[in-house]
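First comes the structure, then the notes that go with it.
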Amino acid sequence: VNLISFSQKSSKREWKPLEDHSCTDVPWLLLFILFCVGMGFICGFSIATGAAARLLSGYDSYGNICGQKNVKVEGIVNSGLDLTHKKYVFFLDPCNIDLVHQRIKSLALCVSACPRKELKTLADIQKFAETNGSTLCSYELQPSEYTTDLRAAKLCPKYPVPESAPIPFFHRCAPVNISCYAKFAEALITFVSDSSVLHRLISGVMTSKEIIMGLCLLSLVLSMILMVIIRYISRVLVWILTILVILGSLGGTGVLWWLYAKQRVSASTVQTQIAKDNLQALLIYAISATVFTVILFLIMLIMRKRVALTIALFHVAGKVFIHLPLLVFQPFWTFFVLIIFWIYWITVLLFLGTTGSPVPNEEGFVEFQMVGPLKYMWWYHAVGLIWISEFILACQQMTVAGAVVTYYFTREKRNLPFTPILASVNRLVCYHLGTVAKGSFIITLVKIPRMILMYIHTQLKGKENACARCMLKACICCLWCLEKCLTYLNQNAYTATAINSTNFCTSAKDAFVILVENALRVAAINTVGDFMLFLGKVLIVCSTGLAGIMLLNYQRDYTIWVLPLIIVCLFAFLVAHCFLSIYEMVVDVLFLCFAIDTKYNDGSPGREFYMDKVLMEFVENSRKSMKEAGRGGGAEGRELKPMVGADEE
């Protein structure tokens, strides 16, 4: 009863698409600006306290910044040195990594040059110092004492000293040989019991790097081609995708089993470890592809009766992309802005890692630590990562919603703005940044507890009992579901704001009422639409993976496929998701506009529909489908009835 009365109250308010523009949620915009000012203060504070110089120029274990004169640190020997000519940080044991504290557990010195070749003995280290003027042992030892002083065993680098080169812009000497990094990766990847396995995986990636880059580019091209297909042949797109996915899944599964059978025969004559690894990987891939194909066929069998409805909806969305071609490039701009922000965030995070006051540690070396309230800047900075990232994503949603709303509620499409995308961006900046800030903050409030619980679950892994583990996973799952529901509601709230220029709460309430009134319609259209877009992602991943299998097959004797193929498929899925998520967003916005149009307009004088001929055809097709299914009295008729229920009102 409450929901009905709530819906009736909301129905009384008139919707006036694009007629009024007013600023929404201004206090939240001010709050967001203040928060960003706080983020800027953290950056400025870390730079002012010398963290930027320590990060870029590097510093030794005694608190001296390389490449400049330094101030004496009380109680620390070898501090306050003039290291103007020693511009590079050199670690005596660069491969000794402390995973607990996430740092290199080694004495660090400032040197004038990195060893560009391997030094096998102390005599080689001494000769390098005399020849290049770069002393690789601690400051209290002279080069002439390297081979005679007993302290050299602790104060000189562990030999053989690997060949190293300075990292650009950061003045650290890093080993050229990747075996040091492979050992670090082995420590992180606990499921690798044989260290040689990871070495072969890394070498496989390095050997196939050109193929990996080419396949990543192929996935980008395939995604662009799929967007073009969506624009121009949307009526047959669903059937094309269905047939291609069937053929692709069957073909990919058949090729995997064929390659497995072929390599199993050749493996009997070639007994190399790489051949055995590839044979095992092929068997796993073939079994996984077979299971995936069976599940995919079952889902398609269940969804087959709803394909006609999806075809009509895809045609409408395809026409939107014809009128608004710049929508295709929205993922690029969003990704570009996110990358810039993430680079800034990581840079400030690194600044925070080197800011603070010099404090002697247990070993007598210097560490920089923040004291008092300043040490909580980490948490503020972490919240900033989530909120601002969500804000950027929400700006994309509002921009797309504003452009599609402009298209839908413009009766004469000839009168559309020259660039509806830029017009939408202009309305966002001038009127609705506060609404975006509020919506993104709500998502942040849900995401932070989920991430904290995930961190606790990771830290307690293997220590908690079964009941606690189950409760943690249940809480994480519930928060994830809540986050997804709020994200969907937020997107519809942004659409309502773009239509009526109302604040976030009012828009969310209005959008929620519309969605509840059309619950079956939402379930039917969104489920099928999302599934068809998922098939598009599967097509791109399968095509890229199949091309990768065929190309890597020529290197099967000396390259392990596992990691290169996983990298390529993950990248292909991410690229496809970025492109097709825009299409999914357009479908959702169109659906809400259509629901509002059919609810408040009936085609009579003064209440004309905003929809164009294609959308009118969509309504007529839905009405015919409802009547045919209604005469049969089947479940499909009941499911499609809401498609014309708003018209009949």
Side-chain angles (χ1 to χ4, degrees), residues 2-3 6-7 10 24-25 28 31-32 35 334 338 379-380 382-398 400-401 432 434-461 464 467-497 502-527 529-531 533-534 574 577-578 580-582 584-585 587-589 591-592 595:
N2 292 334
L3 183 60
F6 177 64
S7 174
S10 177
T24 55
D25 297 296
W28 280 94
L31 179 63
F32 182 74
F35 184 85
T334 304
L338 280 174
W379 293 100
Y380 191 96
V383 173
L385 171 66
I386 302 174
W387 191 4
I388 297 178
S389 297
E390 292 295 332
F391 177 83
I392 295 171
L393 293 173
C395 285
Q396 174 186 263
Q397 294 175 348
M398 180 69 87
V400 172
H432 304 315
T435 299
V436 171
K438 186 174 183 179
S440 57
F441 181 76
I442 292 174
I443 301 298
T444 304
L445 286 181
V446 179
K447 185 165 290 202
I448 289 177
R450 182 170 67 86
M451 297 181 70
I452 292 175
L453 289 178
M454 291 175 64
Y455 175 77
I456 294 174
H457 180 263
T458 303
Q459 294 298 310
L460 297 179
K461 193 171 184 179
E464 78 279 19
C467 181
R469 182 168 61 251
C470 181
M471 290 181 63
L472 269 177
K473 289 184 177 180
C475 292
I476 293 172
C477 182
C478 291
L479 287 173
W480 181 83
C481 294
L482 178 61
E483 180 185 334
K484 293 302 177 184
C485 292
L486 288 176
T487 300
Y488 181 74
L489 181 60
N490 277 10
Q491 181 178 325
N492 287 279
Y494 299 148
T495 303
T497 298
T502 50
N503 60 44
F504 178 83
C505 290
T506 302
S507 299
K509 178 192 68 176
D510 295 339
F512 179 75
V513 170
I514 295 292
L515 293 175
V516 169
E517 291 175 348
N518 298 272
L520 294 179
R521 190 188 301 182
V522 171
I525 293 178
N526 280 0
T527 301
D530 291 349
F531 177 69
L533 293 177
F534 169 73
L574 290 175
H577 177 73
C578 288
L580 295 181
S581 63
I582 294 296
E584 180 182 358
M585 205 178 299
V587 170
D588 290 337
V589 174
F591 172 72
L592 189 65

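A donor-acceptor distance shorter than 3.5 angstrom exists from the side chain of Tyr380 to the backbone of Phe35, with no hydrogens or angles considered. A donor-acceptor distance shorter than 3.5 angstrom exists from the side chain of Thr497 to the backbone of Thr502, with no hydrogens or angles considered. Within the 3.5 Å criterion, the main-chain N or O of Ile386 finds no donor-acceptor partner in the side chain of Ser389.
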Would you mind writing out the side-chain donor-acceptor pairs for residues 470-483 within the sub-3.5 Å range, not counting sequence neighbours?
| residue | atom | partner | partner atom | Å |
| --- | --- | --- | --- | --- |
| Glu483 | OE1 | Arg450 | NE | 3.0 |
| Glu483 | OE1 | Arg450 | NH2 | 3.1 |
| Glu483 | OE2 | Lys447 | NZ | 3.2 |

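With Tyr488 as the fixed residue, the side chain to side chain contact (heavy atoms under 4.5 Å, CB included) test singles out one of Asn492, Leu486, Asn490: Asn492. Exactly one residue among Ile442, Leu393, Ile443 makes a side chain to side chain contact (heavy atoms under 4.5 Å, CB included) with Thr487. That residue is Ile443.
The closest side-chain heavy-atom distance from Leu592 to Gln491 is not below 4.5 Å.
To the nearest 0.5 Å, atoms CD (Glu390) and CD1 (Ile392) are separated by 10.0 Å. Taking CG from Leu489 and CG from Leu515, the interatomic distance works out to 7.0 Å, rounded to the nearest 0.5 Å. In this structure, the separation between OG on Ser581 and CD on Gln396 is 6.5 Å, given to the nearest 0.5 Å. Asp25 CG to Asn503 CG: the interatomic distance, rounded to the nearest 0.5 Å, is 5.0 Å.
Partners of Leu445 under the side chain to side chain contact (heavy atoms under 4.5 Å, CB included) rule, at least two apart in sequence or in another chain, are Phe441. For Glu584, there are no salt bridge (Lys or Arg N to Asp or Glu O under 4.0 Å) partners two or more places apart in sequence or in a different chain.
By the 30° and 60° cut-offs, the orientation of the rings of Tyr494 relative to Phe504 is tilted.
Considering every non-hydrogen atom in both Ala511 and Ala493, the closest pair reads CB-N, 4.1 Å.
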Item to complete: For side-chain hydrogen bond (donor to acceptor under 3.5 Å, both in side chains), just list the numbers for Ser440 and Trp387, CA-CA rounded to whole Å, side-chain angles, deciding distance to a tenth of an Å, and then say yes or no.
Response: CA-CA 6 Å; Ser440 57; Trp387 191 4; 3.0 Å; yes

